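Please read the structure below before turning to the comments.
It should be emphasised that the depicted structure is a prediction, and the values quoted were computed from it without experimental measurement. Every chain is numbered from 1, with letters handed out A, B, ... down the list of sequences. Note that these values count all heavy atoms, side chains included, but never hydrogens, waters or copies made by symmetry.
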Amino acid sequence: MIYLDHAATSWPKPPQVIRAMADYLDAAGGNPGRSGHRLSIAAGRIVYQARETIAELFNAPDPLRVIFTLNATHALNLALQGFVQPGDRVVTTSMEHNAVMRPLRALEAQGVQVTVIPGAPDGSLDLQDVANALQEPAKLVVLTHASNVTGTILPVGVITPLAHRAGALVLVDAAQTAGVLPIDMVEMGIDLLAFTGHKGLFGPPGTGGLVISDRIDPALIEPLVRGGTGSRSEFEEQPEFLPDRFESGTPNGVGIAGLGAGARCVLERGVEEIRAHEIELTRVLVEVLSGIPGLVVYGPRKMSHRTATISFTAKGRRVSDIGLRLDEDFRVLCRVGLHCAPAAHRTIGTFPEGTVRFAAGMVTTTEDIYAALTAVEQVVTS
Amino acid sequence: MSLDGVVLFHTSSAALRAEKICQRAQIAVKLVPTPRELSSDCGIALSFAWSQLEEMKTLLAAGRVDTAGIHSLIRARGAVT
């Protein structure tokens, strides 16, 4: 089997991740932050260690500003719904996933002004368009670090100073990039970073988070969910300190144990090394796919401008047929369709049919790539 | 060494952070359920030897750990003779 769907979720997970999850349930199964007994404290230590690992990975100044959520979507909703109010202006891009677009459209219906910067057909942004959109004041700029359709990397570090000059904070959707591109919140000027745990960080589904920079007063963000935190239990109001303000209810401790172990694997292997491996495979994919007659490959040609996620279509073939044959006849697993990102597909001209998406990962080999390419060639020429 | 001092925290995450910082600095500490006579801010507190109070304060400040107070257990329990 050739798994080329790492942009959806990474598979298989490293053995350390599975072991950490089993160990959590076996030896540390108390409720973290609630009771004071040894199993509760053991669980708390594992969850806290995961905060430190995530903070180290993203150069976040304070592990207590790592808020664990169910996924990147949950983190983005927390930031968007918690920070933006009617009358505010939000700037975003046409390459966003629905995890950004849907909450924004709902906020728009409540009186938030939403400005969408149009992307080029390869998914890239013209910095003049960004500057123009930021001529007027804005409360927030929200953008993906890299497209989940074309792999196009958006220049976050160049956009943040422009956003800050316009009085806006910057929320970055790192669902596609955490673990596969270097992310330094301080150097890149990121105020809020939403990440998922189950893709490039090799954690299980049901993990993710929002990292809040120390430039932001957490009291300015309303929680999505309120409830028990194990702290300040004599009060019926939500606490303002972190991470409790945004982490009500028993956390997904077993998932966070896996996430922490996965993020540790990434740190040990090195994001740069993972990136180099993935981009080498992607270079081969893009070159060979582009040479197959009738095939159109989307996204930037320059490898430095993209992640390992690539999209293509084949003239006269339905993407769903290609996906089905790749799976059934060649055991090549990928994702076809709109990838929950209709705006991005409109930008690159593939709406409503969508594309076939390949995304290599840390464990993908060169042999996998050549086998997948042979499969594509046979599917689209037969 | 008797762990007759206790640091209180707003959140258990801070208590766990403090525990790690102290262990790295080789200061004897133990996470314990927060003594009810002191606070119910969060479920766990960090006990330490009161004789190391100044060292503890310095470490916590350097590690930017927010506390909800530092107490002598002996004094809190009225056991001072």
Toward chain B, the part of [X] with a non-hydrogen atom under 4.5 Å:
X: Glu247(A); result: neither
X: Ser40(A); result: neither
X: Pro61(A); result: both
X: Arg38(A); result: neither
X: Leu64(A); result: side chain
X: Arg45(A); result: both

Check your understanding: Would you say Gln23(B) has more than 12 foreign heavy atoms packed within less than 6.0 Å of its CD?
Key ->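 Yes, CD of Gln23(B) has more than 12 neighbouring heavy atoms, counting only those of other groups under 6.0 Å.
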Check your understanding: If you take all heavy atoms of Pro243(A) and Thr11(B), which pair is closest and at what distance?
Key ->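 Scanning both residues completely, I find the closest heavy atoms to be CD-OG1, 3.9 Å.
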**Study point:** Intermediate values then yes/no, side-chain contact (heavy atoms from CB on, under 4.5 Å), Arg64(B) and Asp214(A)
**Key:** CA-CA 12 Å; Arg64(B) 302 202 314 173; Asp214(A) 56 4; 4.0 Å; yes
**Study point:** Stepwise side-chain contact (heavy atoms from CB on, under 4.5 Å) test for Ser13(B) and Arg51(A)
**Key:** CA-CA 9 Å; Ser13(B) 300; Arg51(A) 282 188 218 283; 3.6 Å; yes
**Study point:** Engaged part of Ala14(B) at the chain A interface, taking heavy atoms whose separation is under 4.5 Å
**Key:**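 Both parts, backbone and side chain.
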Point to revise | Which portion of Ile44(B) sits near chain A, non-hydrogen atoms under 4.5 angstrom | key: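 For Ile44(B), the side chain is the part near chain A, not the backbone.
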Check your understanding: Could Arg24(B) and Glu52(A) be called an ion pair, given the rule that one side-chain N must be under 4.0 Å from one carboxylate O?
Key ->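 Yes, this pair counts.
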Review point. Between atom CG of Asp244(A) and atom OG of Ser12(B), what is the distance when rounded to the nearest 0.5 Å?
Key: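 If I round to the nearest 0.5 Å, the distance is 6.0 Å.
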Practice item. Please assess Lys20(B) against Gln49(A) for the test side-chain contact (heavy atoms from CB on, under 4.5 Å), listing each intermediate value before the final yes or no. Key: CA-CA 9 Å; Lys20(B) 240 186 129 182; Gln49(A) 181 55 52; 2.4 Å; yes
Review point. With side chains defined as the heavy atoms from C-beta onward, is the minimum distance between Pro63(A) and Arg17(B) less than 4.5 Å?
Key: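 With C-beta onward as the side chain, the pair touches.
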